[in-house]
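Comments concern the structure below.
Remember, it's 1-based here, ligands and their atoms both numbered in the order they're listed.
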Amino acid sequence: MSEDFSTLAIRSGIERSQFGEHSEALYLTSSFVFGSAAEAAARFSGEQPGNVYGRFTNPTVTAFQQRLAALEGAQACVAFSSGMAAIMATVMAFMKAGEHIVASRSLFGATQQLFGPILGKFGVSVTYVPATDLSAYDAAILPNTRMVFIETPSNPLMDVIDIAALAKVCKARGVLLVVDNCFCSPALQQPLQLGADVVVHSATKYLDGQGRVLGGAVCARQELADEVFKYLRTAGPSLSPFNAWVILKGLETLSLRMHAQSANALALAQWLEQQPWVERVFYPGLASHPQHELAKQQQRAFGAVVSFEVKGGRENAWKVIDHTRTISITANLGDTKTTITHPSTTTHGRLTPEVREAAGIREGLLRVAVGLEAVEDVKADLSRWLA
Ligand SMILES: *Cc1c(COP(=O)(O)O)cnc(C)c1O
C-alpha cells in the first residue's frame, strides 16, 4: 500500500468479512468460538493468531490498532479504554519499584496525579524538569531512571520540545523516551520517526475528533508493544469495540481536520496578537514564539490550541468566557467545536499559586482549542465582552 498518510488513514487495517462490507465492520462480541479443542488450545497459546476473548482481541479493535500504527509509523499499537489507561499501561510495562521517571513540567493533570501520589505508593519516583531545557533532562537522569516522559507542545503554554535531540540524550543514557502525542496527533508529528521509543495517545481528543468516546493507545516497536500487551491482557483496561469503531472512522478525517483546525488557530493567534486587550499569545505558529523555528521543522502544522493572556487578570479573563455564545466552556479539547478554558481555576486549579506562577500559568491566561467553525465567528465571540 502507498505510504501516503491520507491513503493509510482510509485504507489501512481493513480485513473484510465474508460479507464483503465496504465500510469497516463493528464486531460486538465478548468472545469467539473455535472449530475444535486443538484450535482453542492453539489460539490460547498464541501458536495460531486470531481472536480469543474481548479483553485482549477483537477485530474492530485490531483494525483501529493497525491503522494508528500505520499513521505513527510504528511496528505495533495496543489500544486502551482511555488515554490515562494507556499511560498507566506504559508505566506498568516498563517501571518497577525503586525506579525513576524524568518528566517535562506541566504534564496533563491526571498524568501528574498518576506519577506522583499513585506511583509513589509503589516506590516509583518522578523528577520534573523545565520542558525545553535539554541539559536539565540529562542532569536529572539517575542510575535508576527508566524513562523520560514528555508532552509537546505542552499544555497550556505550548512549549515545543526538540524530540530528536532529546531522543539522542535518552539513547546515550539508556532510557526510554515516551511522548504523549495528543496535541499534534500523527497527522502533524510522528515522534517515533524522530527517535522516540513509545508514543501514547488519548484517542478521546483529536483521533476521535468529535468528542464522542473515550479511548487510548500505545504505539511502539514490537518488543516494547508486546510488554504493554501483556499488561492489557491481564489487567483489562480494554478499548470497547464500539469506541474503536468510532475512532477508526475518525482517523479517516484526521489529517483534514488537523490541518483545517491548525489554519483556524493560526488565524486566531495572529488576530489575538493585534488586540489591545491581549497581553501575550502562546502559539508555536507565531514568529514571537521562542520555539517557532523548531516547530516548523518538527511539525507539519502548529496545532489547534492557542493560549493567551488577557490584560486585567482573572476578572477580565472570566468576562471573556462568560460573554461567549458559540464557544463551549469546557476543559476538553480535540473537538470540531471550539472550547475555552481558564487554566488557573480549572485544569491547573489544584496547584498552589506559587507553583502555578512558576509554571507561567497566570490569572489572565485563557486556552482556546480551536475547532472547525468559521474563525470569524470565534473572533467575534471572544470580542463580545468588549461591547
Ligand atoms: C486528555 C489527555 C490525556 C488523558 O486522556 P483520557 O482519554 O482523558 O484518559 C492524556 N494526555 C493529554 C495530553 C490529554 O490531553
Short N or O contacts of ligand 1 with protein, under 3.5 Å, listed by atom name?
unit_1, atom_1, unit_2, atom_2, d
ligand 1, 5 (O), Ser202, OG, 2.9
ligand 1, 7 (O), Gly83, N, 2.8
ligand 1, 7 (O), Ser202, OG, 2.8
ligand 1, 7 (O), Thr204, OG1, 2.6
ligand 1, 9 (O), Gly83, N, 3.1
ligand 1, 9 (O), Met84, N, 2.9
ligand 1, 11 (N), Asp180, OD2, 2.7
ligand 1, 15 (O), Lys205, NZ, 2.6

field: Side-chain donor-acceptor contact under 3.5 Å, Arg11 with Thr7
entry: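 There is no such pair between these side chains.
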task: Output all residues satisfying side-chain hydrogen bond (donor to acceptor under 3.5 Å, both in side chains) with Glu21, sequence neighbours left out; order by chain, then residue number.
output: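 Listed in chain order: Ser17.
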Side chains of residues 49-59: which donor-acceptor pairs under 3.5 Å do they make with residues two or more places apart or in other chains?
unit_1, atom_1, unit_2, atom_2, d
Asn51, OD1, Asn58, N, 3.4
Arg55, NH1, Arg233, O, 2.7
Thr57, OG1, Val52, N, 2.8
Thr57, OG1, Tyr53, N, 3.2
Thr57, OG1, Tyr53, O, 3.1
Asn58, OD1, Thr60, N, 2.8
Asn58, OD1, Val61, N, 3.3
Asn58, ND2, Tyr27, O, 3.0

message: Can you confirm if the aromatic rings of Tyr128 and Phe115 lie within a centre distance of less than 6.0 Å?
response: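 Not under 6.0 Å, so no.
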Output a table of donor-acceptor pairs, distance under 3.5 Å, between side-chain atoms of residues 70-86 and any protein atom two or more places apart or on a different chain; print 'none' if there are none.
unit_1, atom_1, unit_2, atom_2, d
Glu72, OE2, Asn181, ND2, 3.0
Glu72, OE2, His201, NE2, 2.7
Gln75, OE1, Gln222, N, 2.7
Ser81, OG, Pro237, O, 3.4
Ser82, OG, Met84, N, 3.4
Ser82, OG, Ala85, N, 3.0

- request: Decide, yes or no, whether a salt bridge links Arg221 with Asp197 under the criterion of side-chain N to carboxylate O below 4.0 Å.
  value: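 Salt bridge present between Arg221 and Asp197.
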